[in-house]
Amino acid sequence: KWAHYTVLPRSGASSAPMWAEETPEREGERGAWAGTRILEFGAGAAGPIATRYFAEHGATVLRVESATRPDFLRVGAYADMFDALNCGKRSVTLNLKHPDGHALAKRLVVEWADAVAENFAPRAMRGLALSYDDLAADKPDLVMISACLNGQTGPHRDYPGFGGQGAALSGFNYLTGWPDREPIGPFGTITDSLAPRFVATALAAALLHRRTTGNGVYVDVSQVECAAWSLSDWLLAYKRDGVIGERLGNGHPTALLHGVYPCAGADRWVAIACWTEQELASLWATVGSDGDLEAWTGERDALDVATQLQEAGVEAVPVQDFADVDVDPQVASRGHFIALEHPELGPGKYERNGFRVSGSPSGYDRSGPTLGQDNLWVLGDLLGLSPDEQGRLVADGVLS
């Protein structure tokens, strides 16, 4: 699955892209992935989060979308989420079921892209004749990564699903909740958060492999397997000692104290953990002789509690929401948020990822793209089509 890949020998095809210059929007910017071109097919969160790492660090990420079947995150209440997950990217609308739309997509793969990333169900790209085998026939040094719920092989490959199903199938739901209650599962779709980190890492490795060898790479990622690997501690405990992990609420099997405690204010909390006898002694010395931790935290501000306990050598952090993060001094000092203007949604703040690359600028040059925002750039600048030809494609419904 995610660790399985195929390396194809180079057969005379150049690994250099057809266009060597940067797109106009990225002139003068040299991030770690500057000059890398990624063509993205897919929808939702798991795929876009992975390619967003590359967009942040200078790559040109072009989403192939459909005006008749837009990404479900583009519509309704999810528009802000789509914008956040796709900042810095480009968008072209192509009807992949139209012969001309299909041909344009293949031209982008063969003549422009360094890599293709997709997170459709396994049958989708095969049905569109855009599978790895279809594309590598014309571009032997193609780098391509597929990321779906159960991967491209095995008896469960054709079962579609979202992160909620992935959390259940991988075991997260069983481990999340209180020991005397039914499993509740983690908040949000856990595989949509975990799998993109595997996808981005695997895609980076594949691109570097082609850069050094000239060979193409295909990587198949199962989101469920990524999530299961993330539960290695529990799996190893069962394999080694026959221990079946159980729901512990906010507890931890090896911590002397581990929990979330109420603080002053409405729905304000602090997380505290003690791993050694020394840390536990420091905690009680700070709290006082009566040892009523919950009463002590309940009278105090969460940040004040965390600061006081940290100074005493105890792990403690306030439980923060986005309003707290927006004014957090550490976040501000790292330039975590970038202020940008969206053509339709207006001004907004866009999160960077947590790591920085020394000597390499990173960030976003614009908000998430509107649907088909870069059609003219793709058809004209990248593919060299005349205005008359572009008009014909519009009239024929190719850009839909």
query: Given the rule in the side-chain contact (heavy atoms from CB on, under 4.5 Å) test, do V327 and Q320 qualify, once you have shown the distances and angles that lead to the verdict?
result: CA-CA 11 Å; V327 296; Q320 295 185 314; over 6 Å; no
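- A distance-only check finds no donor-acceptor pair linking the side chain of R268 to the backbone of P262 [under 3.5 Å].
- Proximity of a side-chain donor or acceptor of D324 to a complementary backbone N or O of D321 within less than 3.5 Å is detected.
- Put simply, the side chain of H102 gets close to the backbone of L128: a donor and an acceptor are under 3.5 Å apart.
- Atom CZ of R356 has more than 12 heavy atoms from other residues, nucleotides or ligands within 6.0 Å.
- Side-chain polar atoms of S131 and D134 form a donor-acceptor pair below 3.5 angstrom.
- Heavy atoms only, all atoms of each residue included: L96 and G101 are closest at CD2-O, 4.1 Å.
- Exactly one residue among V217, V109, V110 makes a side chain to side chain contact (heavy atoms under 4.5 Å, CB included) with L142. That residue is V109.
- Looking only at distances, a side-chain donor or acceptor of D292 sits under 3.5 Å from a matching main-chain atom of A295.
- Within 6.0 Å of atom CZ in F337, more than 12 heavy atoms from other residues, nucleotides or ligands are found, so the atom counts as buried in its surroundings.
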Chi angles and distances behind the salt bridge (charged side-chain N to carboxylate O under 4.0 Å, His left out) call for R211, D141: CA-CA 10 Å; R211 183 179 295 179; D141 62 344; over 6 Å; no
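- No more than 12 heavy atoms of other residues, nucleotides or ligands shown are found within 6.0 angstrom of CD on E344.
- In summary, the side chains of R352 and Y364 do not present any donor paired with an acceptor at a separation below 3.5 Å, with no hydrogens or angles considered.
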- prompt: Between T51 and V61, does a side-chain contact (heavy atoms from CB on, under 4.5 Å) hold up when you go through it step by step?
  reply: CA-CA 7 Å; T51 55; V61 180; 4.0 Å; yes
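- The closest side-chain donor-acceptor pair between D220 and Y132, if any, does not fall under 3.5 angstrom.
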Which donor-acceptor pairs under 3.5 Å do side chains of residues 391-400 form with protein atoms, sequence neighbours excluded?
from : atom 1 : to   : atom 2 : distance (Å)
R392 : NE     : E389 : OE1    : 3.4
R392 : NE     : E389 : OE2    : 3.4
R392 : NH1    : D100 : OD2    : 3.3
R392 : NH1    : D396 : OD2    : 2.6
R392 : NH2    : D100 : OD2    : 3.2
R392 : NH2    : E389 : OE2    : 2.8
S400 : OG     : G397 : O      : 2.6

message: Run the ring pair (Phe, Tyr, Trp, His ring centres under 6.0 Å) test on W229 and F198 for me, step by step, so that the C-alpha distance in whole Å, both residues' side-chain angles and the decisive distance to 0.1 Å come before the verdict.
response: CA-CA 10 Å; W229 186 90; F198 290 81; 5.7 Å; yes
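- No side-chain donor-acceptor contact under 3.5 Å links N119 to the backbone of A147.
- Residue W275 places its CH2 atom among more than 12 non-hydrogen atoms of other residues, nucleotides or ligands, all under 6.0 Å distant.
- With hydrogens and angles disregarded, no donor-acceptor distance shorter than 3.5 Å links the side chain of R210 to the backbone of A205.
- When atom types are taken as modelled, the side chain of Q310 and the backbone of T307 share no donor-acceptor pair closer than 3.5 angstrom.
- A salt bridge links D365 to R90: one of the charged nitrogens lies within less than 4.0 Å of a carboxylate oxygen.
- In the displayed structure, E294 atom CD is contacted under 6.0 Å by at most 12 heavy atoms of other residues, nucleotides or ligands.
- By the rule that hydrophobic residues join a cluster once side-chain heavy atoms approach within less than 4.5 Å of another member, Y174 and L169 end up as members of separate clusters.
- With no hydrogens or angles considered, a side-chain donor-acceptor pair links T93 and N375 at under 3.5 Å.
- A side-chain donor from one of R63 and N86 sits under 3.5 Å from a side-chain acceptor of the other.
- Considering every non-hydrogen atom in both S360 and G31, the closest pair reads OG-C, 3.2 Å.
- Atom OH of Y238 has 12 or fewer neighbouring heavy atoms from other residues, nucleotides or ligands inside a 6.0 Å radius.
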- request: Start with the C-alpha distance between C87 and R52, add both sets of side-chain angles, then the distance that settles side-chain contact (heavy atoms from CB on, under 4.5 Å), and finish with yes or no.
  value: CA-CA 7 Å; C87 49; R52 184 174 177 268; 3.5 Å; yes
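- Side-chain contact check for E65 and S91: at least one donor-acceptor pair (N or O, by modelled atom type) lies under 3.5 Å.
- Other residues, nucleotides and ligands contribute more than 12 heavy atoms inside 6.0 Å of the CZ atom of F355.
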